[in-house]
Each structure stands twice: as structure tokens, then as C-alpha cells.
Amino acid sequence: MKFSIKKYLIYSSVFAIFTEAFFFKFIIDWKLLYLIVGINFFLLLKLKKITLNIYFSILLLYFLIHGFLAYTIISIPYNFMLSQIIGISIIGTYYYNFISNYNNKEIINAYLKISLIVAILGYPLYFLNINLNTPDRLQSIFKEPAHYVIVVIPACYYYLKEKKYLNFLLIFGTLLLSNSSLGYIGCGLMFLVPNLTFKRLGLLIGLTPLIACIFYYVYSESPFFKLRVDDTYNSINVINTGKFDENTNLSTYVLISNLYITKKNLIDHPLGSGIGSHHYMHTKRYLKLMRPPQYLVKQKKQADNSFDANSLFTRLCSEFGLFGFIMVVGMMYKASKCFSRSEMYFCQGIFIYFLLKLFRDGHYFPPELFFFIWLFYLSYKNKQYLNTNI
């Protein structure tokens, strides 16, 4: 069978977004993603002309200028900024060129197939209890259930809207078995977000009791979910004080502590402290003002998730200040217009991914982020609505 570079590039580039658990550590983390992108970048360079998106270039320039000024004023080591800009530049440029040069239908087809395979693979890994890190929680080939959830959520939504119910149920079942609060939120958003229009207000009102009943059932039957909800509710005031109860669980602690750091950073630096600076501000400036639970201090977990602020929204607000907040609101409003066209199923699924990404995981260049960003962007630009009937 003749080797097809085109098919290799499509399937390897899509598979790369599922490879977060494939790495080894030697001084730094060496990831399979880096190998795939490095080889594929070379192939694209040989086959196609590498181009830069003008808006992406302007954004990178803004990151550099804003970061340089903020870092200089606050006295933050520049390496925090440079590592982020380099990572964003490489991954963002690669996926822009990859998606620009190949048919979106073929790319989505590959993504849907791999999502389904990864979901099916998750079942034996879960029931045989051979997950990598989290027993009794489905995560398939990912490091964490939450990371698995956000990568497959667009595929799950697409199959639902295309009425391919078997494929939908196969992936939907894994979201429930992930025992992830983010997974449960994603399940709710798939049914809730499409109905947030004036025309569908009646349907939304009718669905609200059902959603409330489902939430109450999961809250009552899942001790893990109940613990997170209760702890988060009881810890809201800690955003103001920074003083945690000794029995606060780790998940709640990393959520609330990063919100506290962001609040303090916004007050002190309304225009932000620069890209990549949240970890520095967390550990060097504001951690001393908090009172973490002693059991986390003993385990040296008081700064967990400080690199990504535990959520993209929190990190953007911390590092870019008021501009970060305005940027998020403006871009999400613009993106929400995909729901005005019923055929834009895949774009709508990506929008739900964006919402979950804002809730959790503030890393700027995980493999799937720019894959979804450029698919979404180019579908608008090229008027390709991605309801491909594949």
C-alpha cells in the first residue's frame, strides 16, 4: 500500500491532541507531541509554504511588549514570559498551517474517529482498573479525567446533533464514568447552551427542572462530586481572606487559592503582570499572605496548579488584567454566534470546549487548544460550517 504523506500528516496531527500522557522526564518533560510537531513541521515546510496569520502575529507581539513592560516594572525573571511565547508560537503556527493546507472535513473525520476509539478504549481500562493515575475514574489514555473530557466533548456534541446516537452514547458514557465535575458540567452544557436564546427560552425553562433533578441526583449519589460542591460552596469566602479550613480538599484548594491570587494580582496590577507570570506572583508574592491547610503544606502541595492558575479564565485575568477579562468576554460573545446557524454543529461543540477550558486548565499550548482554535476560526473565515455529514 502506497504511503500517503497527506494522510500521515492528518492522522498524526490529530492524534497528537490525545498524547498528553505519552512523555518521559529528563531535565524537562519530553513529549510525543514535540516529536510529532517537529517531524510534521519539517514535512509541511518541504511540501507547503509556512505562513503566519496576521492577527496571531499581532497577538504574539502584544504578549511580548506587554510582558516585557510588566516584568520590568514588577521585577520578574524574563524566562517565565519567553517560555510561554515560544511554546505558543510553535504550536499555534504549526496547527494554523496544518489546518489551512488541508480539507477541514478530512481533519474532522480523523478527529471523530480517534475520539471514538479513545472513548471505547477507556471502558476496558476503567473496568479492569488499570487507569494511569486515578482508580475508579475513567480517563482512557490521558493523565487526568478532566483532560480527557475536554478533548472529546466536541465529538460527543457533534454525534448528538447529527443523531448518531450509538457513537454519542459511547462517548457520553465515558463522560459520566470520568467522575469529573468538569465532565458533568460538560454534559449539562451540551443540552443547556444551545437553548440559551430568546426563541428557545420556553424550552430552557422546561429543561431547568430536569437539569436541577439530574444535578441533585449526581450530588446525592456521588460522594466525590458532593465533596467538591460542598467544599467549594463553603470556601467561597476564602477568596477574600486567603485563610483555608484544615479539612479543605486539594481540588477546592487549588481552585480557590488561584482565585485569591488573581484577585490580589488584579488589585495590585490592574493591567496584568504579564504572560507566564501567575506562577511567580503565586509563589513569590502572595502565597505568604494565605493560610493553606497544614496537610497540604506538609505534602508540599500548597502551590499546586500555580503554573496554569487552575483555569484559563483565572490565568488570563491574572496575567493580562482588565484587558484579559474584556478579551475573554468579547471573543466568547463573538464565538457564540455559531449557535445562530443550526448546521454549525462542530463549531458549537468547540464553543463548549472553550467554556470548559475557561473553567479548568489554564495551560496556553496544550496540543488540542490551537487545533480547535484554528478549526473554529477558519470555518468562519472560509464559510465552511463544518456540518460535514461524515
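Remember, predicted model here, so these are calculated numbers, not experimental data. In what follows, residues are counted from 1 in the order of the sequence shown.
Under a 3.5 Å cut-off, the side chain of Ser140 and the backbone N or O of Phe142 do not form any donor-acceptor pair. Panel note: side chain Asn258, backbone Val254; a donor-acceptor pair is recorded below 3.5 Å. Side-chain N or O atoms of Glu319 include one that pairs as donor or acceptor with a backbone N or O of Ser277 at under 3.5 Å.
Residues passing the ring-ring contact (aromatic ring centres under 6.0 Å, His included) test with Phe307 are His279, sequence neighbours excluded. With sequence neighbours excluded, the residues that form a side chain to side chain donor-acceptor pair (under 3.5 Å) with Tyr353 are Glu368. Evaluation of the side chain to side chain contact (heavy atoms under 4.5 Å, CB included) rule for Met332 yields Val328, Phe351, Phe354, Leu355, Leu358 as partners, not counting sequence neighbours. In terms of the side chain to side chain contact (heavy atoms under 4.5 Å, CB included) criterion, residue partners of Leu64 (sequence neighbours excluded) are, by chain and number, Met81, Ile85. His66 pairs by the ring-ring contact (aromatic ring centres under 6.0 Å, His included) definition with Tyr62, Phe320, not counting sequence neighbours. For Lys6, the side chain to side chain contact (heavy atoms under 4.5 Å, CB included) partners are Ser4, Ile10, Tyr102, Glu106, not counting sequence neighbours. A search for side chain to side chain donor-acceptor pair (under 3.5 Å) contacts involving Ser89 returns nothing, not counting sequence neighbours. In this structure Pro367 satisfies the side chain to side chain contact (heavy atoms under 4.5 Å, CB included) test together with Ile17, Leu33, sequence neighbours excluded. Every residue two or more places apart in sequence or in another chain was checked for a ring-ring contact (aromatic ring centres under 6.0 Å, His included) with Tyr157, and none qualifies. Among residues two or more places apart in sequence or in another chain, the salt bridge (Lys or Arg N to Asp or Glu O under 4.0 Å) test is passed with Lys301 by none. Every residue was checked against the salt bridge (Lys or Arg N to Asp or Glu O under 4.0 Å) condition with Asp308, not counting sequence neighbours, and none meets it.
Residue Leu44 is grouped with residue Leu378 when hydrophobic side chains (ILVMFWY) are merged at heavy-atom distances under 4.5 angstrom, including chains of intermediate members. Linking ILVMFWY side-chain heavy atoms closer than 4.5 Å, directly or via other members, places Phe98 and Tyr55 in a single hydrophobic cluster. When hydrophobic clusters are built by joining Ile, Leu, Val, Met, Phe, Trp and Tyr residues whose side-chain heavy atoms come closer than 4.5 Å, directly or via intermediates, Ile267 is not grouped with Leu271. Note on Tyr96: it clusters hydrophobically with Leu59, by side-chain heavy-atom contacts below 4.5 Å among ILVMFWY residues. Linking Ile, Leu, Val, Met, Phe, Trp and Tyr whenever their side-chain heavy atoms come within less than 4.5 Å puts Phe127 and Leu116 in one cluster.
What you find for Ser318 and Thr262 is that their closest heavy atoms are CB-OG1, 3.6 Å. Across all non-hydrogen atoms, the minimal contact from Ile36 to Ser12 is CG2-O, 3.6 Å. Across all non-hydrogen atoms, the minimal contact from Ala16 to Tyr95 is CB-OH, 3.5 Å. Scanning all heavy atoms of the two residues, the minimum distance from Val149 to Gly183 falls at CG1-CA, 3.6 Å. Taking both residues in full, the closest heavy atoms of Gly272 and Ala70 are given as O-CB, 4.0 Å, listed atom of the first, atom of the second, then distance. Of all non-hydrogen atoms in Leu169 and Tyr123, the two that sit nearest each other are O-OH, 3.9 Å.
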- Message: With salt bridge (Lys or Arg N to Asp or Glu O under 4.0 Å) as the criterion, how do Lys264 and Asp268 come out once you've worked through the C-alpha distance, each side chain's angles and the decisive distance to 0.1 Å?
- Response: CA-CA 6 Å; Lys264 296 292 290 184; Asp268 294 343; 5.6 Å; no
- May I have the step-by-step check of salt bridge (Lys or Arg N to Asp or Glu O under 4.0 Å) for Arg291 and Glu246, ending in yes or no? CA-CA 9 Å; Arg291 187 188 65 199; Glu246 286 303 310; 5.1 Å; no
- Message: Using side chain to side chain contact (heavy atoms under 4.5 Å, CB included), reason through Ile91 and Tyr364 one step at a time and then give a plain yes or no.
- Response: CA-CA 10 Å; Ile91 302 299; Tyr364 289 139; over 6 Å; no
- Task: Start with the C-alpha gap between Lys284 and Ile76, add the side-chain angles, then the distance that decides, and say whether side chain to side chain contact (heavy atoms under 4.5 Å, CB included) holds.
- Result: CA-CA 10 Å; Lys284 303 299 183 182; Ile76 303 173; over 6 Å; no
- Stepwise side chain to side chain contact (heavy atoms under 4.5 Å, CB included) check, Phe56 with Ile88: CA-CA 10 Å; Phe56 184 56; Ile88 292 170; 3.9 Å; yes
- Message: Using the rule given for side chain to side chain contact (heavy atoms under 4.5 Å, CB included), can you reason through Met281 versus Ser273, listing the C-alpha separation, both sets of side-chain angles and the distance that settles it, and then say yes or no?
- Response: CA-CA 8 Å; Met281 302 306 289; Ser273 52; 3.8 Å; yes
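The distance from the CG atom of Leu9 to the CD1 atom of Ile39 is 10.5 Å, given to the nearest 0.5 Å. Note that CG of Asn79 is 10.5 Å distant from CD1 of Ile86, once rounded to the nearest 0.5 Å. Rounding to the nearest 0.5 Å places NE2 of His278 at 8.0 Å from CG of Asn265. Phe191 CZ to Leu189 CG: the interatomic distance, rounded to the nearest 0.5 Å, is 11.0 Å.
Using a 4.5 Å heavy-atom cutoff, the side chains of Phe313 and Val329 are not in contact. Counting only heavy atoms from C-beta outward, the side chains of Ser13 and Phe371 never approach each other to under 4.5 Å. Using a 4.5 Å heavy-atom threshold, the side chains of Thr19 and Ile141 count as separate. Side-chain atoms of Tyr159 and Leu112, non-hydrogen and from C-beta on, do get closer than 4.5 Å to each other. Contact of the Ser100 side chain with the Thr51 side chain is not registered, since no non-hydrogen atoms from C-beta on lie closer than 4.5 Å. You'll find the side chain of Leu175 reaches within 4.5 Å of the side chain of Ile153, heavy atoms only. In this structure, Tyr148 and Val118 have side chains that are in contact, with non-hydrogen atoms separated by less than 4.5 Å. In this structure the side chain of Gln139 never reaches within 4.5 angstrom of the side chain of Ser178, judged on heavy atoms.
Residues Phe365 and Phe370 keep their aromatic ring centres 6.0 Å or farther apart. The aromatic ring centres of Phe68 and Tyr78 sit less than 6.0 Å apart. Aromatic rings of Tyr295 and Tyr253 (six-membered ring for Trp) have centroids beyond the 6.0 Å cut-off, not under it.
For residues 166-186, the set of pairs meeting the ring-ring contact (aromatic ring centres under 6.0 Å, His included) definition, not counting sequence neighbours, comprises Phe168-Phe172, Tyr184-Phe225.
Just one residue in the list Leu138, Thr174, Asn179 forms a side-chain contact (heavy atoms from CB on, under 4.5 Å) with Tyr126, and that residue is Leu138.
Between the side chains of Ser311 and Asp361, no donor-acceptor pair is found at a separation under 3.5 Å.
Using a 30° and 60° split on the angle between ring planes, Tyr377 and Trp374 fall in the perpendicular class, above 60°.
Other residues, nucleotides and ligands contribute only 12 or fewer heavy atoms inside 6.0 Å of the CE atom of Met331.
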